[in-house]
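First the proteins, then the strands, lettered A, B, ... as listed; each starts at 1.
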Amino acid sequence: MDRIEHSVIDSLLQALQSRGYVTIGPTARNGAIVCDEIHSASDLPIGITDEQSPATYRLKSGNNHLSFGYVLSPVSWKRFLVPPVLTLFKAVKTSDGFRITNETSAPDTPPQPRKLAFIGVRPCDLQALTLLDKVFLGDRYTDPYYKAQREQLFLIVVNCTKAGGTCFCGSMGTGPTAKAGYDIALTEMDRKEGAFFLIDSGSEKGAEVMRELDRRKAAPEEILAADEASVRTRASMGRTLETDHLKEILADNPEHPRWDVVAGRCLTCANCTMVCPTCFCSTVEDVTDLTGKNVERVRKWDSCFTMDFSYIHGGSVRATPKSRYRQWVTHKLSSWVDQYGDFGCVGCGRCITWCPVGIDITEEACAIRENHQTVLPHP
Amino acid sequence: MNTLTVEHPMIPKPYRVQSLRQETLDTFTVELSSINGTSELPFNPGQFNMLYMVGIGEIPISISGNPDEPRTLVHTTRSVGTVTKAMRKLRRGDVIGVRGPFGTNWPVDLVQGSDVVFVAGGIGLAPLRPAMYRVLSHREKFGKVVLLYGTRSPADILYRKELEHWRARFDLEVYVTVDRALRPWRGNVGVVTNLISKSPFDPMSAVAMVCGPEVMMRFTVLELQKRGLVNSSIYLSMERNMKCGIGLCGHCQFGPEFVCRDGPVFSYDRVKDLLAKWEI
Amino acid sequence: MENLEPILTQHPFLQGLDQKDFDLLVGCAMNVRFDADAMMCREGEEATQFFIIRSGRVTIELHVPGKGIVQIQTLSEGDILGWSWLFAPYRWRFDARATELTRAIALDGRCLRTKCEADRDLGYKLLKRFSEILEQRLEAMRLQLLDLYSTT
């Protein structure tokens with residue numbers, strides 16, 4: 001474990017840029033932290049913190065000089081691997097049918113994966129990428145766009161030293177400190193004499209970049225302080241999600257009265273699915289120009305909260321808000337385990353913050369657990 | 001050269017329409033072949049393809065042709081949605097997109113030596129037909145073979161000539177029933193589940209393959225169970241919204257199952273708990 | 001005349017009845033045959049019997065003005081036709097027609113009603129069997145009502 005000064009972040013960005021990476025990181029824009037291309041450390045949201053609670057999000061000027069003093073951006077990293085709108089192919093209509101035209105390198109061909117360095121991935125979001133890997137890099141079918149983009153990522157994690165108002169990563173075992181899966185991990189330490197970072201590499205790629213930086217060995221008390229910050233952060237999380245037998249309880253109680261209660265509040269607006277770092281569902285549409293001759297086939301994010309999502313001839317399978325909310329929660333916390341061996345929720349809390357009526361997934365899961373009708377094995 | 005997108009599993013391959021035939025008032029069969037006319041697209045009975053009409057959309061349709069003739073892709077469907085309505089207007093020589101085949105198959109090869117009971121409702125006969133072909137082409141390997149087919153009215157009977165031909169065989173029992181009929185009809189009237197109690201198969205050895213509307217399948221299972229079939233001898237084909245066919249779009253989820261990848265053909269054992277729940 | 005007892009005792013509908021029950025039933029039973037297109041009963045007529053179909057095919061139908069004859073259900077070997085004899089005013093509610101040569105055993109409803117009133121045990125056993133038929137027909141009819149294969 002090494003220590004770098006705050007000013008070294010620019011060298012880090014330059015080291016990545018010189019290797020051909022587009023550096024993507026947090027920046028304050030339009031009252032939110034968004035993830036976009038950053039060119040230098042000055043693009044980071046220095047001194048800005050975020051306040052999050054159910055249905056509330058706002059930025060504040062903090063009284064520090066931290067670059068990563070906010071907790072979590074509403075934007076998760078999935079958009080770079082699973083773009084909200086992705087052109088799958090372009091085609092022209094011909095007299096007898098169609099011809100796919102994107103075999104050329106013309107500028108209007110579908111977007112191409114490129115070398116991206118993510119700066120400031122939170123540990124929960126890192127786990128989200130691991131979960132998406134299982135979806136898109138399955139043994140039977142792979143998404144080639146995802147695969148190509150994933151192979152060109154450089155991941156810089158920034159561990160959390162402060163819990164957000166809706167966080168529960170401690171319950172999901174995904175944070176506040178990342179264990180593996182990154183190239184470089186940073187922990188931003190706030191000190192009266194000035195902020196600095198602890199830095200560690202998690203891959204050969206990361207170690208190689210790290211060697212270029214001006215750094216020194218971290219003092220034992222600095223490492224200890226970071227460990228303490230992690231413990232403090234975990235302890236200060238305002239919510240917990242009890243995961244013991246949660247999979248079975250949710251699967252076995254589709255008619256629990258709580259589903260009706262939450263359906264009375266849920267607007268089926270799909271916000272939770274859009275901000276969720278693991279929601280991966282998509283739909284496909286044909287977009288034609290005015291002549292109707294030129295066709296673009298695009299894949300778009302979709303949400304299980306829409307009626308169209310489950311439409312089969314005659315109507316929607318999930319016609320009621322109750323069934324759609326239930327689908328979302330049981331997928332995250334139950335059937336995801338069957339499908340991919342892990343919960344589909346990383347405890348980032350975005351769905352709680354961004355739900356316009358403040359529905360809290362931890363509260364709902366807890367309510368189902370009470371009075372559930374599942375026979376659990378004795379411990 | 002943009003090789004990435006060319007290899008994308010969401011990119012369809014062009015297929016040429018060989019023929020298009022109206023089956024009933026609202027169903028038609030389209031036969032496709034590869035552009036060069038000779039490439040084969042092997043499939044297993046019960047699988048489906050994603051058929052793409054450029055500028056309109058793409059939908060999953062079960063394959064209803066003969067698996068031993070993989071040069072021709074046969075699809076029977078109802079013209080009820082935007083894509084199928086456009087598809088019905090196709091002419092010989094037109095090109096459409098095909099991705100597939102996808103999904104699981106009827107367990108035809110696993111059940112040799114058993115009696116086989118096909119129970120079809122409405123358009124549900126189409127996904128079962130490849131399994132019928134497969135069984136009939138290896139007829140000696142199976143016990144009794146029974147087809148029970150229910151549909152709405154005599155005019156809605158699919159593959160009528162073929163059914164008549166099959167009925168004439170000595171090694172195949174075919175029973176057809178309609179939900180409603182006016183006088184000239186001299187066949188059975190009543191729901192398809194009525195046929196099960198009297199149909200000549202050995203419930204101890206029989207395997208049932210069932211395809212039709214979900215409610216019809218649920219009641220069919222009850223009648224099969226009454227006859228003594230065990231859950232693991234009953235197979236169903238499920239229908240759900242599908243956008244990708246490869247388990248990536250999330251639309252076809254049925255509890256933990258992705259119908260496009262883990263289905264559409266399921267052992268009843270595997271889906272019985274899900275079928276009992278509403279709006280799963 | 002053919003002795004109907006073996007036919008009755010072997011029929012699944014009557015399985016489990018006692019010998020004395022069969023003795024009673026045989027007294028009310030009659031062998032009948034209907035040529036193709038012959039009416040077995042007509043809507044509105046007095047329901048004096050029910051049929052255990054031995055072979056052939058029977059259609060339960062109704063004439064609907066403007067539509068013609070609507071077929072509701074077909075019956076064949078082993079099926080039971082008719083329960084109007086059990087309930088006042090003992091009139092057939094539907095037509096039944098043999099669509100091919102049909103053989104059946106007709107059981108006299110009036111005779112049976114009297115015997116069932118006198119022997120409640122027999123009455124219970126018969127009612128239980130008819131209830132099961134009613135249950136099956138009702139289930140089938142509900143499914144028909146759902147119009148499962150409709151395109152709309």
Side-chain angles (χ1 to χ4, degrees), chain A residues 87-89 91 93-94 96-100 102-105 109-110 112-113 135-136 138 140-145 148 251 254-255 279-286 288 292 295 297 299 302 304 308-313 316-320 322-324 326-327 330-331 334-335 337-339, chain B residues 1-17 35 52-58 78 80-81 84 90-91 93-97 102 123 213-214 239-258 260-262 273-274 276-280:
Chain A
T87 299
L88 295 170
F89 61 85
K93 274 192 192 175
T94 57
D96 62 354
F98 70 103
R99 185 162 47 82
I100 289 170
N102 51 340
E103 291 94 342
T104 68
S105 55
T109 51
Q112 291 302 290
V135 174
F136 290 107
R140 284 168 67 191
Y141 296 107
T142 298
D143 178 60
Y145 186 93
E255 297 303 328
C279 269
F280 61 83
C281 290
S282 63
T283 187
V284 194
E285 286 173 9
D286 272 16
T288 54
V295 178
R297 190 134 177 88
R299 187 185 74 186
D302 202 359
C304 54
D308 265 357
F309 188 85
S310 63
Y311 183 88
I312 48 178
H313 171 66
S316 292
V317 173
R318 297 183 204 104
T320 61
K322 167 188 165 180
S323 67
R324 302 206 288 280
R326 187 183 65 191
Q327 165 62 24
T330 52
H331 189 212
S334 181
S335 48
V337 184
D338 298 304
Q339 293 165 348
Chain B
M1 183 68 188
N2 188 344
T3 49
L4 172 81
T5 45
V6 170
E7 288 166 8
H8 202 290
M10 292 296 283
I11 297 189
K13 289 199 168 59
Y15 272 73
R16 205 176 284 287
V17 174
I35 291 295
Y52 172 61
M53 294 289 293
V54 70
I56 299 168
E58 188 184 52
R78 293 210 289 195
V80 285
T84 46
L90 287 168
R91 290 152 186 264
D94 285 349
V95 173
I96 71 167
F102 298 125
I123 189 83
E214 221 167 288
E239 185 191 4
R240 281 296 181 269
N241 184 307
M242 292 177 191
K243 296 290 180 196
C244 74
I246 52 177
L248 301 183
C249 81
H251 279 255
C252 67
Q253 284 179 85
F254 181 45
E257 315 288 354
F258 288 94
C260 73
R261 190 192 67 189
D262 309 322
D273 294 338
L274 294 169
K277 295 172 187 166
W278 288 3
E279 299 193 295
I280 286 293

> More than 12 non-hydrogen atoms from neighbouring residues, nucleotides or ligands closer than 6.0 Å to NZ on A:Lys93, yes or no?
Replying inline: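 More than 12 within 6.0 Å, yes.
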
Part of [X] within contact of chain B (heavy atom distance under 4.5 Å):
X        : result
A:Arg140 : side chain
A:Asp308 : backbone
A:Glu255 : side chain
A:Thr320 : both
A:Arg324 : neither
A:Thr283 : both

>> Rounded to the nearest 0.5 Å, what separates atom NZ in B:Lys243 from atom SG in A:Cys281?
In response: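 Taking NZ in B:Lys243 and SG in A:Cys281, the distance rounds to 12.0 Å.
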
> Once you round to the nearest 0.5 Å, how far does NE2 of A:His313 lie from CD of B:Glu239?
Replying inline: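 Going from the NE2 atom of A:His313 to the CD atom of B:Glu239 covers 9.0 Å.
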
> Does A:Asp96 use its side chain to pair, donor to acceptor, with the backbone of B:Val95 at less than 3.5 Å?
Replying inline: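 Judged by distance alone, no pair lies under 3.5 Å.
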
>> Between B:Lys277 (side chain only) and A:Ala251 (backbone N and O only), is there a donor and an acceptor less than 3.5 Å apart?
In response: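 Yes; at least one donor-acceptor contact below 3.5 Å.
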
>> Using the side-chain contact (heavy atoms from CB on, under 4.5 Å) criterion, which residues pair with B:Asp94? Sequence neighbours excluded.
In response: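 With neighbours one apart ignored, the set is B:Val17, B:Leu90, B:Arg91.
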
>> My understanding is that only residues two or more places apart in sequence, or in another chain, count here; which of them pass side-chain contact (heavy atoms from CB on, under 4.5 Å) with A:Tyr141?
In response: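 With sequence neighbours excluded, A:Tyr141 shows a side-chain contact (heavy atoms from CB on, under 4.5 Å) to B:Phe102, B:Ile246, B:Arg261, given in chain and number order.
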
For [X] and [Y], which heavy atoms make the closest approach, and how far apart are they?
X        : Y        : answer
A:Thr142 : B:Pro9   : O-CG, 3.7 Å
B:Met10  : A:Leu88  : CB-CD1, 3.8 Å
A:Arg318 : B:Ile280 : NE-C, 3.6 Å
A:Phe309 : B:Gly250 : CZ-O, 3.5 Å

>> If you apply the rule side-chain hydrogen bond (donor to acceptor under 3.5 Å, both in side chains), what do you find for A:Ser335 with B:Gln253, and how did you get there?
In response: CA-CA 9 Å; A:Ser335 48; B:Gln253 284 179 85; 4.7 Å; no

> Is chain A contacted by the side chain of B:Met53, its backbone, both, or neither, given a heavy-atom distance below 4.5 Å?
Replying inline: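 Interface part for B:Met53: backbone (N, CA, C, O).
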
Contact check, side chains of [X] and [Y], non-hydrogen atoms, under 4.5 Å:
X        : Y        : result
B:Glu58  : A:Val284 : no
B:Ile11  : A:Arg297 : no
A:Ile100 : B:Pro12  : yes

> In terms of heavy-atom pairs under 4.5 Å, which option from B:Ile96, B:Leu274, B:Asp273 contacts chain A the most?
Replying inline: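 Option with the greatest count: B:Ile96.
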
> So which of B:Cys249, B:Gly247, B:Gly255 has the biggest tally of heavy-atom pairs under 4.5 Å with chain A?
Replying inline: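 Option with the greatest count: B:Cys249.
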
>> Tell me whether the rings of A:Phe89 and B:Tyr52 are parallel (<30°), tilted (30 to 60°) or perpendicular (>60°).
In response: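 Perpendicular.
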
>> Quick one, B:Leu248 with A:Phe280, criterion side chain to side chain contact (heavy atoms under 4.5 Å, CB included). Give me CA distance, side-chain angles, the key distance, then yes/no.
In response: CA-CA 8 Å; B:Leu248 301 183; A:Phe280 61 83; 5.9 Å; no

